[in-house]
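Comments concern the structure below.
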Amino acid sequence: MFNLKIIYMTYLLFKRSLIPLSALSVAVSLLLGSCTKKFEEFNTNGYGASNQELAADFRIYGDPLVQAQLNIYVSTPAWNTQLQQNLMGDVYSGYMCPPTPFANNINNVNYGLVDGWNTYPWDDGYNLVMAPIAQSLKYSGTRYAEFYALGKILRVEAMHRVSDIYGPIIYSKYGQVNADGSVSYDSQKDAYYAFFKDLDSAISTLTDFSNKASATLPASIQAFDLAYGNANTLGNGKLEYRQLVKFANTLRLRLALRIAKIDPTKAQTEGEAALAHPFGLMQTPGSIANGGDDFDINIGTTNHPLNTINNSWGDIRMGAPLESYLTGYSDGRAAKYVLAATDAAVAGKIKGIRQGVNIDAKGRYGGYSQLVTFANQIQLMTAAEAWFLKAEAGLRGWAGAGTVQTDYETGVKTSFAQYGLDATTYLQDAASTASPYKDPKAITAGQNDILTGSQWLSTITIKWDAAASFDRNLERIITQKWLAMYPDGQEAWTEFRRTGYPRLFPVVINNSGGTISTTDFIRRINFAQSERNTNPTAVAAATQLLGGPDNGGTRLWWDKP
Amino acid sequence: MLPCFLGVHLFFFFTARSQSTYAFTGRNGQIVRQKSLENAGRTDETVQKQTLFTVLKELNKTRGVYFLFSDHSLGSKLVNPVEGNAANVEKTLEQVLKNTGLKFKKINEKTFVILPKQADGSVMDAGTADLTQNLYGMTIPDESANVIPYETVTGRVTAGDGAPISGVSVTVKGSKRGTSTNASGVFSIEANKGDILVFSYVGYATREAPVGDNMQISLVESNKQLNEVVVTALGVQRKSKDLTYATQKLSNADLTTVKDANFVNSLSGKVAGVTITRSASGLGGSARVVLRGNKSTVSNQPLYVIDGIPLANFTPSQPVDVWGQSASSVNAANQPPGAGGRDGGDGISNLNPDDIESVTILKGASGAALYGSQAANGAIVITTKSGKNGKTRISISSDITAESPLYQPKLQFKYGQTGLNAPKYDSTAEASWGPAINAPDNTKGFFRTGLTTTNSVSLSGGTEKAQTYFSYGNTHSLGIEPTTSFNKNTFNFRETAKFLDDRLTADANISFLDQSAKNRPLSGLYGNPLTGLYSFPRGLNFSYYKQNFEYASPLRNGLMTQNWYDINYDKAMTGQDHEQNPYWLLYRNPRKDSRSRGYGNITLKYKLNDWLNIQARGNFDKSFDTYDARMYAGTQSVQAAANGRYTLDKATNTQLYGDLLLTANKDLSRDLNLSATLGSSITDYKTEDLSFDTDPTVGTGLSYANKFGVNFINSAAMISNQDLFHKQQQAVFANAQLGYKNFLYLDLTGRNDWSSTFAFTPTKNKGYFYYSAGLNLILSDAFTLAEPVSFAKVRISYAKVGNDVATFATNPAQWNKSGNINNNNGGASFNTIVPYPGTFLKPEDNRSFEAGTEWRFIHDRVGIDVTYYKNNNYRQYVTVNAPLGSGYSKYYLNLGNIQNQGIEAVVYVTPVSTRQLKWTSTVNFSLNRNKVVKLSDPSIAGANSTNPLILTSAGVNMYQSEIIEGGQWGDIYGYTFQRDTKTGSIIVDSTGAPQKNATMTKVGNPNPDYSLGWNNSVEFGQFSLSVLVDGRFGGKVMSVTQAVLDGIGASKVTGEARDAGGVSIKAINNNTNQAWSGKINAQTFYTGVGGRAGISEYYMYSATAIRLRELAIGYRIPLHVKGITDLKFSLIGRNLFFFSKKAPFDPEISMATNNALQGIETFGIPSTRSLGASVKLSF
């Protein structure tokens, strides 16, 4: 063997004196054999980090959860958000519509589903949420049960959104690679059952923590909880756990109502469990910093991606249905949601773009209403929604839901209060309905208009009417919930599919080639391209679980007509 | 293991002198002499008198003098023994040779020649070297049995232009007697009347002439020479006729007659089997070189070797997508949006072409096996100039060329902006689907005439013991795009010296490069002035926006911000990300690429004995790259935030190389020769990259408008990255070439590599072994072939080359922290890319076979060299997508079998060869067939046979490049028309808009089916002409430029379609299922097919292109000015025109020169025609 030291010294000599001659001595030593002792050091990237390096200050448990929170709705880069949600749920919900004729105006907006786009919600859900959460859960386990519980709640919050896009997803079998290399899907039913199970155990863990006598807990999750982490600075260590439980309860109720049609028994069991929890649901509007309960992810200095898409790129504008409701109801929240149009044809008005219309160039609708500039937080669930969920639970006669009318009105008030507005007068309005939609810039004049009397124009009013039918009341609740949930188009689209409310406008151009009905609207998104490439056998099995062809027209499990 | 010195300096001297030009005769000569020596020893014991050998051997030992014989038989003559100890060697010799019929002649203090008395001493006038040659030849016993009185023949050898050629070997045909010419071209040889003299010299056609008085021999240059010396692995020189694999050699003239700023581009059309793709970034840009087809999923570039040392061909940055966003070489991901598609140039382009003596291309893996894994794609071996013994020579070369665009996109100016004259709201429309107008061509005058000057001066000179070469080169260029410029300075100093009785040779070289490029043209849609230039809405006033590309913004207190028809801060017009005011981009988005590079190497070679050398080499190569880009406040908001954007990227690249070689060359028997190399090497390669950028989506970006500096980037908008790439390779290798009777050669190579990239795997300690074997039979030497055949050989070789994997792949970091993309408010992100669980990465396995034959006829006037090759690259290192449900996003693993097979042929003819006129013509042909035989592993999810490896992902655009099982490397995938299955007609909707299929399918492959290069050179008196025509045939390429311009009605075809009242195409209306009657509205059709996400199929073009690549007309001015030895003036042209071209751009150009973006053009600057003049002067 040869002298290791010589090699190393020469190497140093190389580095320091830059004398090529020293290579000679290296070569001399080499002739006698090779030295691979330092190879491990050479082949370790000093600018990455290992688990050990992340252990201090519980970062190994917490950092993955932070990554997950920032990507349930991708907070950056904005182009990713655009494909994850903005060009799908945000449009299908009727909130927004792009003025840009992407891909020659044959794209998801007009049901010409683009494979390259459809894969994003899936890829983001797994790469940026499931994968890091799995790491956190792996290390936290029972040692740090509060991290474990938070991880599970975040996982449900993220993955129910993914399931609501595609249907069957990989959840309970995540990380279990079959012998043929595939990873199996859960049916949407199994996934939802697994969500309930996760929520149940997380709620019970965190309830225990919150009930403990000591106010300061050994390994607080506060530094890693971007929604309620600063609750501790406002109250004490227990408050944060309490907040998380309230969020988890509300999430449980949301999911329970989601399956109310298809699986009423399970729905009622889970819903009533949520309503019965001593900590209750979210109820006060605003983020925790303002004393509220809203589940808002604080994204720090990162600009809200909608600001980039809307302001910098000009790739998103208000949707026509939102215009119709906000103007029809003379809704005070309009100014908090969108700006007046700048286009000469509609200047000063609130003007949205109808989904799926003929667009030749971006300039045509670029001057319609922009969105407002959002604060640097991602709104994933509001207290107002909790009240509307309660109202619907009441409507369905679930125990613990309270009075439907009170829940409904509190929901509206809570939403208004979230924007510093008062809803008293608004709630008394029994006459206003959604207004007709007119598009003065349509390429074919009148083609995009929804006129009075159109079947697509809602006649629902604001004021509660106890005498109205279940359906009318459900429409009223969901329509107001829809107005309150803005700008989270993903959840709004899901609720639209489940309930059929609020009434939205169908596409004018349908590029689905007959797979998506114009009048039934889009029901889901195709399985991800990445899955078809890497996991084809499982996708084939998942299509069986889906119970229909893998296209945008097939209804999900909970989506009963 | 000390080699035996034997004390036979006498013969050592012979061998040493002979090696350079006459190795093959040297071996024979040596054997004969050794035998004579043995005989001599025996005689010594039996007789009183001693043999001359014995006596001289003693004198050599005691006095240190050397002796030369004019005939070996003299050595066994009995002579008088040495008496006494005379101080004077001459006296001793006189005494010894008394009455023996022998005499001696003193050459210098230490050297004497022994001659028979009747021979004339004038043989020595040509100098000692010549004598050595001469004496060699006289060792054949039969010839010297009866001594015929020779006469001395003298003469002079010149080149076609009359310049003397030194070192020409002159032999007497039928004997092995020879000499060589001195510096004045003069030779002197002993020959008989009626003998034929053979004159040969590398680079010139061999000539025969009968003995005459005061012979004047003129040699003509030839492309091919029987004894051409090529440099193979590790700088070992071999005669090309001995090689078992295909090589091609280019001389300095091939590279410098018509220069390119990146000399690699000069290889185009001159070498069979080489495909060169230029980057679209213009001058000083990088080049993609592929030898014998694309083999690898990772890198297909060959290894560059300079004077035996692998070169770090560091390429800091390449564009990654159609947008033209770029990635650094170290960190391909996580680049912030909106950065322009930047080609950072490559390492090889840093060379000064004037410093290159020759370039040898080793096309297959066989020839390269000794260089290690990096040479699996072949090697380009460069020999640089060194000082020459003799008179100091100064050479000056000066070129000036003017460049102009070779083509431009065909545009329309007959139809105005969409909605022109309509209500105000359409005034910002980008498209030109408006009313018929008569707009001026706004692209006129945008490009300027580029100007490139290349100047270099070199000094060379030295003595027998030490030679020096110094050169300085400068290339300065103003590109055709305004504001772009390029400047390169190279210094090179080389010193070669001999020590310790010429046993030790030291060769040291230091070079330094300073290079900078301003506003190097970008490819893609972002930050590219050409998008706005070509698409500018017709009917608006371009010259206004040219004069007023910025205006003082009242809302920003007079800050100068961008002024464009749809970008105006005060009017709240934000414009679009893919096009801006071209002049704003040129003047307010300045970018600078600069590189400083130092390169030094030293070689020490020690001659252990006459057949064994030991050589050690060390090399140091360090380069610093800086990229500084500034986007002023007012730049479109996708690219820069309100206060602007600053990008700074600093990369340091270091390569240390050392090797130790033991080389032997020994005759094992009379018929068997062995030349062998045993060696080891170490290469340490490290790149460190530090970059800062400003996130355009965060706040105002910079703290103050146009205040550029890392410290002025807002902390929230700061994107900072530090990356590292480090690997060390160690190797032990051996090569042996066994030659039988100089006509049969067996070549064997074995090598074991250890690479640090295999740390954490079982391969780390054992490394990986690979080998090559080849056989070569020179038919024309082995058999007597019919007269027209002057040379014939067949060769066959097989090689298996291993290759390592990417740095850190065996040990990926568990957590990453990259810039601020997907960040965690300062936290790390989980890395989901891992080696396939449960496996270890293994070395790649690249196997190649080649067989070739070379034939020459009629004294080498006609020749052909044909090679068939087949290469299979197995177990490639790939990254495949994992099913995301596995917990990972990508797996690293070994997979596949990519096969290339093809034929290369070189045909050369010298149709005319007279003293006055010589015409040589060479045709290079290559044909390659690529097939992805296997790229799947059924047991691995994500590696099924339908799953492609994506080289460039389509994202939201129309181009995707893939490697997929059953397909070919680099297949282009894109959108196709929906077609009626019966008639093939396209399907349109009720408005006539073409319908496209939702999923992408294969629309073509950019690689050529075959290529041809035809090189002609004519010399007529003082005039010379060289013409290179080359063509690539087959393959398909995509023009996103055309698609985008069609989509907005800016292209000429859209104007013509409108003139014609629509587009005539067979179509079926999907509403009525009836054939479309009449024409389709032009706007409906072109907005349907065009755009960056349009119907890809429609934008695929044949890549066939035939061009006049190089033309040079030279005149050597017959000066008789003292001091000036040569003055040549040439008119030069490059890329003069296309004989045929189908695509709307130059298909030889691609956006990137790595594996990405092949066969696609997106607003690249047009390739240029250059015309100019060059002067070469030496004195």
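Throughout, protein chains are lettered first and strands after them, A, B, ... in sequence-line order, and every chain is numbered starting at 1.
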Salt-bridge present (A:R532, A:D115; N to O < 4.0 Å): yes

Proximal component of A:T44, with respect to chain B [non-hydrogen, under 4.5 Å]: both

For the residue pair B:N831 and B:A813, what are the closest heavy atoms and their distance? ND2-O, 2.7 Å

Checking B:Q978 against chain A: side chain, backbone, both or neither under 4.5 Å from a heavy atom? neither

Using non-hydrogen atoms and a 4.5 Å limit, figure out which bit of B:P837 sits close to chain A: side chain, backbone, both or neither. neither

Pick one of side chain, backbone, both or neither for A:D180, based on which atoms fall under 4.5 Å of a heavy atom in chain B. backbone

B:T574 versus chain A, heavy atoms under 4.5 Å apart: side chain, backbone, both or neither? side chain

Quick one: what part of A:E40 sits under 4.5 Å from any heavy atom of chain B, side chain, backbone, both or neither? both

Segment of A:N511 engaging chain B (4.5 angstrom heavy-atom cut-off): side chain

Report the relative orientation of the aromatic rings in B:Y888 and B:F830; use parallel for angles under 30°, tilted for 30 to 60°, perpendicular for over 60°. tilted

For B:Q722, is it the side chain, the backbone, both, or neither that has a heavy atom closer than 4.5 Å to a heavy atom of chain A? both

Would B:K764 count as a cation-pi partner of A:F39, with NZ or CZ less than 6.0 Å from the six-membered ring centre and within 45° of the ring normal? no

Between B:Q636 and chain A, which part of the residue has a heavy atom less than 4.5 Å away: side chain, backbone, both or neither? side chain

Which bit of B:T807 is near chain A, if near means a heavy-atom gap under 4.5 Å: side chain, backbone, both or neither? both

Would you check, one step at a time, whether the test ring pair (Phe, Tyr, Trp, His ring centres under 6.0 Å) holds for A:F102 with A:W313? CA-CA 13 Å; A:F102 293 106; A:W313 302 347; 9.6 Å; no

Side chain, backbone, both or neither: which part of A:L113 has a non-hydrogen atom closer than 4.5 Å to chain B? backbone

Using non-hydrogen atoms only, which part of B:N811 is less than 4.5 Å away from chain A: side chain, backbone, both, or neither? both

With only heavy atoms counted, which part of B:A882 is less than 4.5 Å from chain A, the side chain, the backbone, both or neither? backbone

Between the side chains of A:N43 and B:T757, does any donor sit under 3.5 Å from an acceptor? no

Please look at A:A134 and chain B and tell me whether the side chain, the backbone, both or neither of the residue comes under 4.5 angstrom of a heavy atom of that chain. neither

Cut-off 4.5 Å, heavy atoms of chain B, and the answer for A:S50 is both

Against chain A, label B:S715 side chain, backbone, both or neither, depending on which of its atoms sit under 4.5 Å from a heavy atom there. neither

Under 4.5 Å from any heavy atom of chain A - which part of B:V1089: backbone

